[in-house]
Amino acid sequence: MENEQFEQRKEKLDELRSLGVNPFANNFKPEHVARELISGYGEMSEEELSSLEDVFSLAGRVVAVRDFGKSLFMHISDRTGRIQGYIKKDVIGEDELKFFKKFVDLGDILGIKGTLFKTRTGELTVNVSEFSLLTKSLHPLPEKWHGLKDVELRYRQRYLDLISNPEVKEIFLTRSRVVKLIREFMDQRDYVEVETPILNQIAGGAAAKPFETFHNALSMDLYLRIAPELFLKRLVVGGIERVYEIGRTFRNEGISTQHNPEFTIMELYEAYATYEDLMELIEELLCYLATEIKGSLNFEYGDLNIDMTRPWKRINILNSLRETIGEEVLSDEKKLFEKADSMGLEHHGMWGKAVTEIFEILIGDHLMDPTFVYGFPLDVSPLARTSEQDPKITDRFELYIAGREMANAFSELNDPIDQKERFQKQLELKERGDEEAHQMDEDYVTALEHGMPPAAGAGIGIDRLIMLLTNSLSIREVIFFPHLRPE
RNA sequence: GAGCCGUUAGCUCAGUAGGUAGAGCAACUGCCUUUUAAGCAGUGGGCCGCAGGUUCGAAUCCUGCACGGCUCACCA
C-alpha cells in the first residue's frame, strides 16, 4: 500500500492540516443530487438557465478533472449519478482555483455550490462559486475508462468496484428493488414477515451439511441454519397462517458460480393451500418481478432467451423419465441403481434418490423456460405430504429456470406420527453415511402433535433469482462480499 | 476435491528463438478560460505473485506453493 501516490497524498493531508483545513470535515449539507438537477433542468436552454438565479449545492466523489489553466471541469458522482462542475478563475477567484489544483485529487469527496448553465456541447453544468473539500482520499481511483477489471480486486475491494463500474452498482440497486417488490407482493396477500433463529440446536429443513459453532456461556454446540423451514411451520401451528421469511442461510459445501456458503432464501407457508396453489403464487410473483424489473416476460439470460409467459410448463418426473430411460429401468430398482452408478450418481440405495439424480442430469439441467417439475419420490422428501394417488410420491415440485433449481415447494406433512417415522428413516440414512440426512427434531414433532393446519410451503433462492433478473452469470455478481480465501 | 487458464507500475494491458522491463490512464512540473477517454511538452514510479531449480544470464524454461477465474463433482 506504500507507494508514490499514497505518499504524495499524505503529504497534502499534512499540509492541509498545517493550513488549518480539516481534510475530513463534516460541515457541508448538500441540498440537491445530480439526478434531480439533470431531470429538472437538463432540458432547459442556456437562455432559460441563465435567467435562473438559484444556487444549488451538492456533494460527491470527484471522478474526473480536466484542467485548462485558468478554469477546469470536473465530474462529481453522488448516489444518483454524475454531474459536471466548472470552476473558473473569474468566478471563484485565483486563490480558490489554486487551492483546488493543489489539494483536490481524483477520488476526494467534495461539496460544491453554484448556478446552472450549459456548455457548448450542451451538458448541464454547475458553475461553481464555492467548494469545500470534505474528505481526502489517499489512494488513486481505478482506471477511468476501463474501470476495475481484476475480479479478485472487485470482490475484495467492492467499494472500488461500485465507484468505478456503474453497471455493478446497478445490479445491487436492482437486488434491493427486487426484495422490496417481493415484500410488497407478499404483504398484499396478507403474509406476515418474521425472523427465526439462525443459531440452531438442530440444523433441519433441508438436506445439507451445516456450519458448526459453539455457545460459550451455555457450553453448547450450535449449528448455523440450513433452512428456516421447521421454525416457520411451528409458527403456522401457532396460528400465523400466512408467514414468510427472507434471510440468510448457511451450507457447508462447495463454492461455485451457483453457490456461496451463505445465501439468501425466501420461505413462505400458507395454511389451507396446496402445492398447486403455490405454483400459481410463484408464477404470479416471478412474472410480476420480471415485468417490473425487465419490463417483459421475454428476456435474455447469457446466451439463452427466457420466455416466462404463463402458464408455465409442468412436467412429471416419473412420466418424463419413463420416456427417456424406459419403464423397465424405472420400475426395476436394480436396473435403476445400475443406471445411476453408470452415470456416476450417488443414491445411497434409495430408489427416490436415484430417480431424482437421474432426472436432474437427463432432463432438469435442460429446462430453460420456467418449468414446474413435480412428482418427487417420498424418500427424498421427508417433510412433504404423501400423494393421495401414489404412496411412493409426494405433493412436491421444484421450479427450474435456465437449467437451475430456483424454488422448491410442497404440501406440508402435518401428520406427526408419519413425520416422526420419516425422521427415523433419515437417522438410519445418517448412520449409513449420508451426511446430508436430516437430524431428528423431536420438538418439531411435538409442535405437529398440537395440530398444524393443512398447509403448503415454498423456498425460493433469492440470489439465483436476482442473477436471472440482472443477467448475472455468477452468484458473486449479486452478493456484495462473496466468500474468498484470505489474501 | 480434480482439470485447464491467469497473476508484470495505483489501474487497464503489451512484453518468445532466455540477453539490463514497456504503453495508455493515474501522478509530478510547465502551457492552455466551454472540456468531456480534453490537448501539448517534460519527469518520476516495478522483490515481473512467492520459493526453489536449470543457465554465464530467467518476467520468459522447469518444479512446488499461494491467490483468483472457468469447467467438473456436491449442492440451492
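Throughout, protein chains are lettered first and strands after them, A, B, ... in sequence-line order, and every chain is numbered starting at 1.
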Establish whether the base of B:U34 is bridged to the side chain of A:R120 by a donor-acceptor pair shorter than 3.5 Å.
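Counting by modelled atom types and ignoring angles, no donor-acceptor contact under 3.5 Å is found here.
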### Message
Between A:Y191 and A:E270, is there a side-chain donor-acceptor contact under 3.5 Å, judged purely by atom types and distance?
### Response
yes
**Q.** Donor-acceptor pair between A:Y159 and A:Q157 side chains, under 3.5 angstrom
**A.**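 A:Q157 and A:Y159 do have a side-chain donor-acceptor pair below 3.5 Å.
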So which nucleotide from [options] ends up closest to the side chain of [X]?
X: A:L148; options: B:U12, B:C70, B:G68; answer: B:U12
X: A:T257; options: B:U34, B:U33, B:C70; answer: B:C70
X: A:Q84; options: B:U33, B:U35, B:U34; answer: B:U35
X: A:L484; options: B:A26, B:G69, B:U33; answer: B:G69
X: A:V151; options: B:C11, B:G69, B:C74; answer: B:G69
X: A:R485; options: B:U33, B:G45, B:C67; answer: B:C67
X: A:P140; options: B:G10, B:C67, B:C11; answer: B:G10
X: A:T119; options: B:C32, B:C67, B:U35; answer: B:U35
X: A:K70; options: B:C11, B:U33, B:A26; answer: B:U33
X: A:E4; options: B:U12, B:G44, B:C70; answer: B:G44

Pairing partner (Watson-Crick or G-U wobble, both distances under 3.5 angstrom) of [N]:
N: B:A66; result: B:U7
N: B:A2; result: B:U71
N: B:C47; result: none
N: B:A14; result: none
N: B:U54; result: none
N: B:C32; result: none

Heavy atoms only, 4.0 Å cut-off, all strands: where does [X] land among base, sugar-phosphate and nothing?
X: A:G147; answer: sugar-phosphate
X: A:L72; answer: nothing
X: A:D150; answer: sugar-phosphate
X: A:N127; answer: nothing
X: A:R82; answer: nothing
X: A:I460; answer: nothing
X: A:N408; answer: nothing
X: A:E487; answer: nothing
X: A:Y86; answer: base
X: A:E357; answer: sugar-phosphate
X: A:G461; answer: nothing

Integer angstrom distance from the [atom1] of [N] to that of [M]:
N: B:A21; M: B:A58; atom1: C1'; answer: 13 Å
N: B:G46; M: B:C11; atom1: P; answer: 14 Å
N: B:U63; M: B:G68; atom1: P; answer: 22 Å
N: B:A14; M: B:A59; atom1: C1'; answer: 12 Å
N: B:U35; M: B:C40; atom1: C1'; answer: 15 Å

Between [X] ([atom1]) and [N] ([atom2]), how many Å, whole number?
X: A:Q5; N: B:G10; atom1: CD; atom2: P; answer: 8 Å
X: A:I163; N: B:G10; atom1: CD1; atom2: C1'; answer: 14 Å
X: A:E253; N: B:C74; atom1: CD; atom2: C1'; answer: 6 Å
X: A:Q8; N: B:A9; atom1: CD; atom2: C1'; answer: 13 Å
X: A:K102; N: B:U29; atom1: NZ; atom2: C1'; answer: 13 Å
X: A:E11; N: B:A27; atom1: CD; atom2: P; answer: 16 Å

- Check the geometry between A:F68 and B:C32 and answer yes if their rings are stacked (centres below 5.5 Å, planes below 30°), otherwise no.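 Given the distance and angle limits, no, they do not stack.
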On a heavy-atom basis, the closest approach of A:K118 and A:E46 is N-OE1, 2.6 Å
Sidechain N-carboxylate O distance under 4.0 Å for A:R154, A:E477 = yes
Please verify the inter-ring angle class for A:F6 with A:H139; under 30° counts as parallel, over 60° as perpendicular, anything in between as tilted. parallel
Next item on the list: Could you tell me whether A:F131 and A:F100 have their ring centroids closer than 6.0 angstrom?
Entry: yes
Could you tell me if the ring centre of A:F376 sits under 6.0 Å from that of A:F410?
no
Between [X] and [N], is there a side-chain N or O to OP1/OP2 distance below 4.0 Å?
X: A:K149; N: B:C13; value: no
X: A:K101; N: B:A27; value: no
X: A:R476; N: B:G69; value: yes
X: A:S256; N: B:C74; value: no

- Task: Please confirm whether A:R175 makes a cation-pi placement over A:F172, using NZ or CZ under 6.0 Å from the six-membered ring centre and within 45° of the ring normal.
- Result: no
Discussion item. To the nearest 0.5 Å, what is the distance between CG on A:L72 and NZ on A:K101?
Written reply: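 Nearest 0.5 Å value for the CG-NZ distance: 6.5 Å.
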